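Comments concern the structure below.
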Amino acid sequence: MRTPAHHKTVPHALGVFGIYLLGLCLLLFSTLVDAQEKQPKELPTVQMMNPAAEFWRDVRQRSAPVSGKTQVGGVETGVLINATGDRWRQFRMSQLIPISGYILGGMVILLVAFYAIRGRVPIEGGMSEHKLPRYTGYERMIHWFMASIFIFLAVTGLILLFGRPLLIPVLGKEGFSILASASKEGHNLMGPLFLLALVMIIIQFVRRNIYQKGDLSWLIRGGGIIGKKHVPSNFFNMGEKTMFWLLVFVGGLIGVSGLILVFPVLGLGREIMALAHVGHAIGAILMITVIIGHIYIGTVGMEGAIEGMKTGYCDLNWAKEHHDLWASKAEENGEALSNQEVAKMRGDRGSVPPVHSGLQESGK
Amino acid sequence: MARMKFYCDPERCIECNACVTACKNENEVPWGVNRRRVVTIKDGDPGERSLSVACMHCSDAPCATVCPVDCFYTTQDGVVLHDKDICIGCGYCFYACPFGAPQFPEDGAFATRGKMDKCTFCAGGPEADHSADEHRKYGSNRLAEGKLPLCAEMCSTKALLAGDADVISDVYRKRIINRGAAVLARGVSFQDASFRAPSNLGGKSSSQE
Amino acid sequence: MKLRKTSDLAIDQRAESEISCKSDSGGQTMTRRDFLRNSGLMAGGAVLATNFAPGMVKRASAEEMGAGSVSKVKTICTHCSVGCGIIAEVQNGVWIGQEPAFDHPFSHGAHCAKGASVREHGHGERRLKYPTKLVGGKWKRISWEQAINEIGDQMLQIREQSGPDSVYWLGSAKHNNEQAYLFRKFAAFWGTNNVDHQARICHSTTVAGVANTWGYGAMTNSYNDIHNSKAILIIGGNPAEAHPVSLQHVFKAKEENNAPLIVIDPRFTRTAAHANQFLRLRPGTDIPVVWGMLWHIFKNGWEDKEFIRQRVYGMEDVKKEVAKWTPDEVERVSGVPEHQVYAAAKTMADNRPGTFIWCMGGTQHTIGNNNTRAYCAFQLALGNMGTAGGGTNIFRGHDNVQGATDFGVLSHTLPGYYGLSAGAWKHWAKVWDVDYEWLAARFDEGSYEKSKGKDMPIMNTKGIPVSRWIDGVLEEKGNIAQKDNIRAMVLWGHAPNSQTRGKEMKLAMEKLDTLIIVDPYPTVSAVMHDRTDGVYLLPACTQFETYGSVTASNRSLQWRDKVIEPMFESMTDQTIMYRLAKKLGFADELFKHIKIENDEPLIEDITLEYNKGMWTIGYTGQSPDRMKKQQRNWGTFDYTSLLAEGGPCHGEYYGLPWPCWGTAEMGHPGTPNLYDTSKPVSRGGLNFRARFGVERNGVNLLAEGSYPVGNELKSGHPEFTDKLLKKLGWWDDLTEDEKQLAEGKNWKTDRSGGIQRVAIKHGCAPFGNAKARVVVWTFPDPVPIHREPLYTSRRDLVEKYPTYEDRKSYYRLPVRYGSIQAKDYSQDYPIILTSGRLVEYEGGGDETRSNAWLAELQQDMFVEMNPRDANDVGVRDGDDVWLEGAEGARLKIKAQVTRRVAPGVAFMPFHFGGHFEGRDLRSKYPEGADPYVLGEACNTAMTYGYDSVTQMQETKCSLCRISKA
Amino acid sequence: MIGEFIDGPLWYFSITAFVIGVVWRIVAIVRAGLKPDLSIARGSAGSGAVRAIFSRFVPERTVTTRSRLQLIAGYMFHVGLLVLLFFAQPHVDFIAERITGFDWPAVPHWVFIVTAEFAFAGLILLWLHRVLNPVTRLLSDLDDHIGSILVFLVMLTGCLALAQSHESLRLLHLFLAEVFLIYFPFSKLMHAFTFVMSRGYTGATMGRKGVNA
């Protein structure tokens with residue numbers, strides 16, 4: 001497993017984090033598997049000073065949940081005892097909460113350390129006099145739409161996950177309950193919008209995120225961390241593409257499992273609900289971790305990275321350094337505009353903005 | 001310290017559902033929410049047994065462990081209760097509870113879960129005993145009146161027992177001794193039930209076979 | 001078991017507060033209706049259960065507690081015949097809580113699902129709220145005044161045109177004793193014997209069979225007495241669902257006596273699940289199994305020979321019949337293998353006394369009376385009769401079906417089983433203090449039948465039984481032994497879906513001039529027909545809104561207090577009867593000695609009146625005062641013997657189980673176990689009744705060497721008359737007043753009670769001391785024999801065990817037997833169809849299906865079918881199926897695939913209604929009065945078939961076919 | 001304490017401020033008067049006004065093709081907001097209790113949720129468009145942003161309080177609603193009322209000129 005430390009100026013930090021995360025995930029899963037092996041079907045430590053204890057013990061020792069008939073309607077009312085919930089409890093209490101705490105905390109610490117060591121990745125050639133149109137208004141809109149919803153969901157989700165150990169001591173039970181209730185309602189409400197945003201993102205960006213020939217070499221060279229040379233990359237590099245697909249699949253998983261959790265009326269049993277919760281939680285932690293890295297690069301990690309999303313235009317030099325294949329083609333096509341033109345287009349100096357439609361359709 | 005427990009004697013439970021309706025009666029639980037239910041295993045087959053199940057008031061309650069807002073508490077009588085003011089209706093306790101005790105009123109057609117509702121051992125909730133709030137949110141508080149849960153008190157065959165674990169154990173032990181002693185005293189056991197695969201009673205096919 | 005917590009918890013004063021027996025209704029500031037209105041719950045009339053926020057109706061709050069003190073009212077559950085005690089908590093007229101009646105002698109606080117939910121009556125959302133009339137297919141609210149007037153006018157018109165017999169008075173086992181008695185009296189004063197109630201279709205064959213065996217047709221012992229049993233045999237009964245609290249007593253015997261529990265049933269019932277032995281028989285083959293057991297008993301000489309010699313007549317004839325039932329034949333006919341029959345027989349023989357319990361699985365057959373007599377013969381052979389722990393414990397159905405039967409809400413008898421003879425009428429005319437001639441003139445002139453060559457007055461002719469009222473409407477006029485068809489039906493607390501032949505019933509309802517339904521709920525009668533006019537719904541009160549006595553299955557009378565005031569515009573049954581009688585013009589005679597207050601007859605006066613007439617079965621000692629005193633002292637009665645030891649009721653048995661001889665002043669304690677010779681008659685002892693003469697064909701019918709303790713005659717003797725007293729020289733034990741009334745009378749008609757008093761004083765049972773008979777020479781089958789059901793699946797057995805010949809006129813109607821059996825239906829309808837109960841519902845189920853707490857538990861009508869049959873027609877558990885009865889009625893229901901039933905047998909519960917042949921009738925109910933749960937009525941598919949003695953309907957053995965819907 | 005203030009005085013203050021403010025603004029606009037149009041009327045000004053007020057709910061062709069997203073988002077948000085405001089059960093109850101004294105049928109819970117989803121999506125997209133599109137960004141001043149954010153916050157807190165379990169969440173929602181009400185008359189939020197007038201004005205002008213607009 002590669003470690004991202006001690007390397008010289010390499011621009012593609014994103015890729016680094018992607019790889020790092022993959023490793024972490026593997027680690028996480030292995031601990032899960034480990035944990036499960038270590039705890040062979042251990043049932044709740046429900047101590048029953050009850051004559052029924054023996055009967056219940058007998059019932060529990062059967063492999064499948066004992067199910068019978070009942071006149072009471074509802075979900076799983078016929079199930080006498082279902083100890084699978086206990087595995088879920090173990091997962092949530094002794095794995096999910098601590099491990100994801102370590103992961104998220106670790107990610108932040110790692111980034112801080114990385115920043116301390118490497119500092120901001122500059123545009124080597126400095127800012128050029130020209131810019132390339134990178135994202136259309138619509139693209140930026142759905143990105144920020146997704147981003148705002150994601151952050152809202154992440155924050156509310158994390159409140160629910162870590163609130164009991166972290167926030168109850170601060171806010172008290174009553175206070176935290178208010179926050180948690182609001183978080184839950186907000187989370188449930190915004191959840192479906194995440195799926196909407198996801199669909200919009202997929203439709204808009206999928207073509208540019210199909211893996212291409214050069215991507216393998218990008219991977220081999222760790223997104224440029226290894227070696228000095230720039231790694232050739234198209235509109236999106238391998239790391240970005242990976243993040244896109246993570247978003248598609250993991251985000252999809254989060255969305256679907258979230259829908260299951262938000263619709264208890266569907267009458268799904270607790271096992272499915274618990275499973276959905278596990279998927280939702282793991283997926284969410286994974287995505288949050290990745291997105292922290294994404295945000296890092298976009299903000300403090302790399303010079304010029306956020307420009308495209310902010311303004312729609314990126315610096316020509318930045319483009320050449322990070323997305324050379326796309327940049328050179330775009331330049332050949334004469335898409336490069338001078339900074340002044342861009343400023344005019346964006347109306348930065350109060351000039352009349354021109355109509356710009358379809359101009360920036362790019363990536364091909 | 002008293003430690004309140006339920007015990008349902010499967011040898012006596014006849015699935016009459018008195019406990020279910022008694023609970024509804026006492027606590028005015030709405031349609032669709034059942035704090036107690038009777039489960040029959042091997043329904044219709046020899047060895048059929050029924051059990052009345054509700055919250056078991058576990059000593060180390062899984063629901064309490066997983067609750068993200070920590071709304072559960074255990075009373076001095078060992079009754080596991082929760083605070084509906086704190087509950088956010090996330091449903092985690094439902095996943096964790098092996099007995100399916102937590103219930104959720106479905107809140108409208110879009111069904112965000114409402115606040116969790118479960119057997120309180122007829123011990124109300126955190127509000128002041130017998131206050132209107134307590135009754136509205138949790139139902140009766142019989143324990144504070146020196147009474148036991150109505151489900152057990154009304155059980156048709158006294159299969160469902162409720163009370164201090166020690167007392168229950170005594171009652172149950174006595175019952176077991178009775179069962180055993182009767183066998184000893186009379187020298188025979190009739191437990192050789194002559195159950196058999198059902199003989200064919202169907203008219204047509206029976207004469208054909 | 002009373003589990004009281006005794007820890008350091010605060011004890012609320014409420015728990016300590018003394019149990020005040022009845023709410024002071026005078027002090028009420030707010031009726032329940034007001035309360036509901038004030039809480040805004042009544043808006044729109046129909047409030048969904050889900051809208052009920054917890055606590056809205058319940059005790060408001062601790063702070064408001066001062067607003068009205070909580071009173072505890074004692075009453076009795078209105079569902080089944082166990083008679084569980086209920087303690088209702090009432091505040092400001094609102095039924096706010098229900099507490100277990102731990103000191104109640106029968107139930108010890110226990111309830112089943114129904115009993116634990118009776119407080120829902122206090123909600124009453126789905127009740128019939130106002131008098132309503134069907135006008136042009138729409139329900140229209142009318143006033144009571146208008147309803148009574150219109151109904152009365154129509155009745156009088158029918159009476160004018162067709163005679164009083166064209167109005168049918170269908171009473172109810174849900175009435176309390178006083179209402180039942182009044183209802184029978186009402187019909188008599190109207191001038192008809194066309195009066196009946198559910199007992200006809202539940203235990204009439206028991207009453208006839210058992211009474212003709214040893215004197216009285218009732219449960220001989222009690223639920224509590226099962227504690228003494230060493231073995232328990234239940235045949236054709238599922239008390240775990242029908243009488244759940246009785247299982248408390250069964251389990252006590254099972255656990256403490258190690259008493260084996262034997263269940264004989266076509267279905268592996270919830271009761272069978274707890275049995276030690278389960279015998280699965282083919283429906284309708286009780287006699288082969290019982291005789292099969294006796295075969296082993298006689299073969300091994302296990303019978304109680306001394307008991308038979310002393311107390312049984314005709315056992316030799318039974319032996320001869322039993323000899324035919326070899327184990328092979330038993331297995332061939334019933335499907336029960338020899339080893340099971342043997343085990344059951346040996347178990348019963350080895351463990352005496354054993355009790356023998358049966359229910360409607362035994363009674364509802366064309367040979368129901370044969371079945372019940374066979375059960376009696378079995379107990380007599382083992383000598384299990386007249387002893388604690390033994391007896392025939394016949395679990396009755398409704399809460400007061402025993403009482404209503406005793407009060408003769410039947411088409412063949414007057415109250416107290418006096419029959420319809422002139423002597424009986426004269427006795428009752430005296431009790432009622434009306435002129436016999438006037439009473440006779442109320443009836444139609446002429447005659448329908450001949451008896452011994454002479455025309456029999458209509459007054460003495462049996463009426464049409466409830467099981468067959470549809471034929472009374474539909475049959476050709478010429479075929480009915482009556483002036484005209486039935487033209488008006490009064491269903492006063494009766495669910496029509498409990499009766500078979502639903503399709504024909506629909507036609508009958510449509511043919512009637514008028515259909516009058518008096519009930520707290522609209523019942524299926526309101527919707528199953530397609531009438532557009534001429535239907536009246538009158539809201540009656542439940543038993544929680546009135547008071548009076550109720551007779552449990554064990555003959556104990558219990559007093560009920562009023563819990564709440566009548567809800568909505570409902571009226572008590574006695575009030576409705578009074579207002580109707582007034583309209584019909586005989587109120588003054590009917591209520592001659594009964595005080596009327598605000599149109600409501602005084603219950604206690606009614607009790608005291610029947611106390612003066614019910615000598616035959618000893619309903620004479622249970623005065624209101626004695627019953628109320630017992631009610632106040634539930635806790636003083638022993639749980640097993642039911643005897644009060646100490647306290648105000650010292651020496652009395654709980655409920656003064658009848659016969660409670662003599663007058664109330666005599667203080668007879670009641671008879672806990674019938675025919676128990678180990679006690680003096682004055683302390684509840686008894687012997688078999690001398691009812692069938694003293695001698696037959698030269699054989700002595702009186703008991704030989706068996707008599708109750710303290711009997712001075714020490715041998716059998718006939719029933720007491722004035723003559724017998726004089727002969728014995730005991731006449732002068734009577735007081736002068738008594739002598740005056742007793743002269744020329746017997747123990748049944750002596751209104752002074754003197755004859756009974758003197759007989760008992762000398763240790764004699766007033767009704768004589770005779771043998772029980774196992775040969776009832778007056779019945780179609782003197783010795784019970786097996787006959788195949790009309791719709792039998794076993795055509796191979798028809799020749800050997802054929803049914804009866806058709807009868808031209810019985811109970812005024814022709815009855816078909818052989819002509820139906822002659823046709824082979826088994827090809828087209830291969831599956832045996834049987835029916836039974838669910839614990840959540842009761843009877844026709846209208847009341848319980850309107851109770852949200854119960855209805856939630858059983859939301860779909862279903863048929864149980866064996867996996868084999870299901871697979872044959874490709875049906876899976878939970879599928880919708882069409883079930884077609886042998887007479888062509890089709891039900892659309894859910895399939896429940898289970899091994900509970902044997903292959904070839906299907907089972908349906910009979911509590912559902914409101915669907916008809918796949919059609920949902922919900923929209924036809926008056927607004928807001930439709931039950932929560934509707935479903936096909938099982939009896940729509942049930943077929944023709946009536947008992948040869950009582951016209952009990954056949955509901956336990958028919959044929960059907962099932963196909964996927 | 002604060003709760004009582006929000007629930008009581010502040011509510012009355014805000015509603016008063018709102019009503020007076022709106023009336024004042026409208027009156028001010030009306031009183032500003034119209035320039036007399038001396039030309040010969042070639043059509044009816046009145047019908048033109050009415051036609052414009054309603055016909056402009058239907059977007060023009062150029063709009064449907066060019067700015068489809070804004071259009072959809074705009075409708076999602078505005079219709080959603082209207083439904084949430086007047087047909088959510090808690091609002092109906094609140095209005096009936098505090099203002100009208102009578103109530104009307106509310107939408108079922110699931111309709112409420114679906115509507116809220118749409119309204120949120122619409123609002124967020126619209127605001128992003130406002131910020132990201134150079135034209136709208138230039139046209140937007142602080143007032144626009146405050147208005148958007150206020151509406152968003154009111155809606156969000158309303159939804160956070162959906163569980164109706166915490167009084168404080170309801171109060172937060174109410175407080176923001178009150179701020180919104182007070183802010184309303186003094187901002188472009190007034191378009192909720194003035195759109196009728198502006199459309200009517202244009203429509204009338206056009207109508208008078210005989211132009212079918």
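All figures in this text were calculated on a predicted structure; none of them were measured in a lab.
- In this structure the side chain of B:Arg12 reaches within 4.5 angstrom of the side chain of C:Glu255, judged on heavy atoms.
- Salt bridge status for B:Arg142 with C:Glu99: present, with a side-chain N to carboxylate O gap under 4.0 Å.
- The shortest non-hydrogen separation linking B:Val33 to C:Glu856 is N-OE2, 4.3 Å.
- With a threshold of 4.5 angstrom between heavy atoms, C:Gln859 approaches chain B through side-chain atoms but not through N, CA, C or O.
- At a 4.5 Å heavy-atom cutoff, B:Asp133 makes no contact with chain C through either its backbone or its side chain.
- Scanning both residues, C:Cys112 and B:Cys16, for their nearest heavy atoms gives CA-SG, 3.9 Å.
- A 4.5 Å side-chain heavy-atom check between B:Glu26 and C:Arg119 finds every atom pair outside the cut-off.
- Although no hydrogens or angles enter the test, the distance criterion places a donor-acceptor pair under 3.5 Å between the side chain of B:Lys158 and the main chain of C:His108.
- In plain terms, the two heavy atoms of C:His111 and B:Ala18 that are nearest each other are O-CB, 3.0 Å.
- In this structure, C:Phe102 and B:Glu153 have side chains that are in contact, with non-hydrogen atoms separated by less than 4.5 Å.
- For the pair B:Thr157 and C:Gln248, the tightest heavy-atom approach, listed with the atom from each and the gap, is CG2-N, 3.9 Å.
- Inter-residue side-chain proximity for C:Glu840 and B:Asn17 is flagged as met; some heavy-atom pair is nearer than 4.5 Å.
- Minimum heavy-atom separation, C:Trp853 to B:Glu28: CZ2-OE1, 4.3 Å.
- Here C:Arg899 does not pair with B:Glu48 in a salt bridge; the nearest charged N to carboxylate O distance is not below 4.0 Å.
- Heavy atoms of C:Leu857 lying under 4.5 Å from chain B belong exclusively to its side chain.
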### Task
Evaluate the side chain to side chain donor-acceptor pair (under 3.5 Å) criterion for residues C:Glu120 and B:Asn25: first the C-alpha distance (whole Å), next the side-chain angles of each, then the deciding distance (0.1 Å), finally the verdict.
CA-CA 7 Å; C:Glu120 224 273 348; B:Asn25 187 341; over 6 Å; no

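- Under the 4.5 Å side-chain criterion, counting only non-hydrogen atoms from C-beta, B:Ile14 is not in contact with C:Thr271.
- Residue B:Cys13 holds its SG atom at 9.0 Å from CZ of C:Arg270, rounded to the nearest 0.5 Å.
- Proximity of a side-chain donor or acceptor of B:Ser156 to a complementary backbone N or O of C:Val245 within less than 3.5 Å is not detected.
- Highest contact tally toward chain C, considering only B:Asp43, B:Asn34, B:Leu150, is held by B:Asp43 [criterion: heavy-atom pairs under 4.5 Å].
- Minimum heavy-atom separation, C:Ala273 to B:Arg49: O-NH1, 2.8 Å.
- Residues C:Phe268 and B:Asp45 form no side-chain contact, since every pair of their non-hydrogen atoms from C-beta on lies 4.5 Å or further apart.
- At a 4.5 Å heavy-atom cutoff, C:Ala344 makes no contact with chain B through either its backbone or its side chain.
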